[in-house]
Amino acid sequence: MADIATISTAIARALAAALCPDGSSASSCTGRPVIIRRGDLTQADLRNALHTLHEGCDFISIADMPESWTRLDEPLGRPWRMDSTQAATVSISITGGTATLGLVPDAVPGGIVGLRVQGLAGITGSGCCLHGAQPGDTAASIAAGLAAMVPGAVAQEGTITLPAGVTAQAINAGTATARCVARRQEQMFVLTAWSASPAARDALGQAMADALALTDWLVDANGSTFRIEARVARNDDTAMNRGIFARPAQYLVTFDTDLTRPVPFMLAGGIGTAEGVVAGDVLLGAQVTP
């Protein structure tokens with residue numbers, strides 16, 4: 001989910017990549033060291049620090065303007081849409097009356113495995129037991145969890161021995177991520193170039209403007225895309241008597257507050273009637289939470 005913190009960080013990273021093409025250990029494209037950060041300058045930036053404004057270090061600060069916040073129309077009905085898919089790294093197979101769990105080597109357990117069993121006493125039709133794999137799962141722990149849902153089943157290491165007279169089918173499924181736009185808004189962000197001389201301020205301000213000139217869209221660390229548009233820039237010499245020269249530039253950012261949820265590729269369940277007759281599959285044990 002994008003918010004003002006992740007947006008500020010994404011802008012800082014984009015500027016760092018453009019202004020410091022040789023990495024953070026080298027000078028910027030202006031030939032001077034530059035520090036890019038969220039928030040305003042601190043007293044340490046002005047004195048009593050290794051890199052200060054008056055020691056030849058320039059700064060770029062990134063701040064949001066709360067009074068500029070405006071809500072926009074989000075998609076009607078706030079529909080959920082499929083965003084990405086994740087292949088399963090766990091699997092289950094059946095040979096005769098034995099089910100065997102498998103995990104992809106050196107991969108984080110993920111996906112959904114289960115059994116569709118027939119012949120259970122007291123159940124009309126099929127019963128389903130499911131397990132949503134979690135980090136830390138092993139073949140033995142998954143087998144134990146599934147066996148506990150099937151009366152008479154016995155788990156040993158990564159296998160499940162089914163009771164006599166019970167047949168089963170393997171259920172294997174990956175997962176997907178669904179995304180919903182809960183709210184859409186726009187807000188102004190101020191990117192300020194700070195330097196101890198007007199010439200250095202001009203060079204850094206121009207470099208910052210050039211770095212974002214062809215950038216219309218950025219992606220934050222959560223994978224949310226937002227739009228960034230230049231609005232206005234100006235020179236600020238109000239602190240020139242202290243040797244501080246600034247160029248604040250305003251950028252309008254349009255972004256979504258979106259929610260994500262993991263969803264399985266399949267569902268299993270059943271419908272009960274007043275007479276106790278069950279149509280479809282009966283979900284054994286607790287419902288899976290992938």
Side-chain angles (χ1 to χ4, degrees), residues 1-2 6 80-180 182 220-224 258-272 276-290:
M1 181 177 75
T6 63
W80 290 87
R81 66 183 188 276
M82 302 301 290
D83 187 57
S84 60
T85 60
Q86 300 83 41
T89 57
V90 300
S91 62
I92 187 169
S93 59
I94 297 177
T95 301
T98 302
T100 304
L101 275 300
L103 276 71
V104 176
D106 301 322
V108 177
I112 298 175
V113 292
L115 296 172
R116 178 174 285 111
V117 295
Q118 291 181 318
L120 291 174
I123 294 181
T124 301
S126 301
C128 289
C129 57
L130 304 172
H131 179 88
Q134 303 291 331
D137 275 345
T138 64
S141 66
I142 297 174
L146 291 175
M149 303 181 202
V150 181
V154 177
Q156 184 176 9
E157 295 299 328
T159 63
I160 302 171
T161 301
L162 299 173
V166 172
T167 59
Q169 295 175 310
I171 299 175
N172 290 281
T175 57
T177 300
R179 187 180 297 269
C180 170
D220 73 356
N222 296 327
S224 298
D258 45 14
L259 306 176
T260 58
R261 294 289 186 273
V263 294
F265 282 157
M266 56 79 206
L267 297 174
I271 301 174
V277 178
V278 177
D281 295 338
V282 177
L283 189 60
L284 305 174
Q287 189 169 356
V288 65
T289 302

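For Asp220 (side chain) and Asn222 (main-chain N/O), a donor-acceptor pair under 3.5 Å exists by modelled atom type. One N or O on the side chain of Thr138 and one on the backbone of Ser141 form a donor-acceptor pair closer than 3.5 Å. A donor-acceptor distance shorter than 3.5 angstrom exists from the side chain of Thr89 to the backbone of Gly110, with no hydrogens or angles considered.
Of all non-hydrogen atoms in Ala88 and Ala173, the two that sit nearest each other are CB-O, 3.6 Å. Of all the heavy atoms in Ala178 and Trp80, the pair that sits closest is O-CZ3, 3.6 Å. Closest approach of Pro163 to Pro151, counting heavy atoms only: CG-O, 3.5 Å. Across all their heavy atoms, Gly132 and Asp137 have their closest contact at O-OD2, 4.1 Å. What you find for Ala155 and Ala147 is that their closest heavy atoms are CB-CB, 3.7 Å.
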Next item on the list: Go through the steps for Thr95 and Thr100 under the test side chain to side chain contact (heavy atoms under 4.5 Å, CB included), then give the verdict.
Entry: CA-CA 8 Å; Thr95 301; Thr100 304; 6.0 Å; no
Note to self: Working note: Ile92 + Leu146, criterion side chain to side chain contact (heavy atoms under 4.5 Å, CB included); need CA distance, chi angles, decisive distance, verdict.
What the structure shows: CA-CA 11 Å; Ile92 187 169; Leu146 291 175; 4.0 Å; yes
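Atom OG1 of Thr98 is separated from atom CD of Gln156 by 10.0 Å, given to the nearest 0.5 angstrom. Note that CD1 of Ile112 is 10.5 Å distant from CG of Asn172, once rounded to the nearest 0.5 Å. With values rounded to the nearest 0.5 angstrom, Ser93 atom OG is found 8.5 Å from Leu101 atom CG. Ile94 contributes atom CD1, which lies 6.5 Å from atom CG of Leu162 (distance to the nearest 0.5 angstrom). Considering CZ of Arg261 and CZ of Arg179, their distance stands at 11.5 Å, rounded to 0.5 Å. If you take SG on Cys129 and CD1 on Ile171, they are separated by 7.0 Å, rounding to the nearest 0.5 Å.
Annotation: side chain of Val90 is in contact with side chain of Ile142 (closest heavy-atom distance under 4.5 Å). The shortest distance between side-chain heavy atoms of Leu120 and Val150 falls below 4.5 Å. Counting heavy atoms from C-beta on, the side chains of Ser224 and Thr6 never come closer than 4.5 Å. The shortest side-chain heavy-atom distance between Val263 and Thr175 does not fall under the 4.5 Å cut-off.
Under the 3.5 Å distance criterion, with hydrogens and angles disregarded, a donor-acceptor pair is assigned to the side chains of Thr177 and Gln86. No side-chain donor-acceptor contact under 3.5 Å links Glu157 and Thr159.
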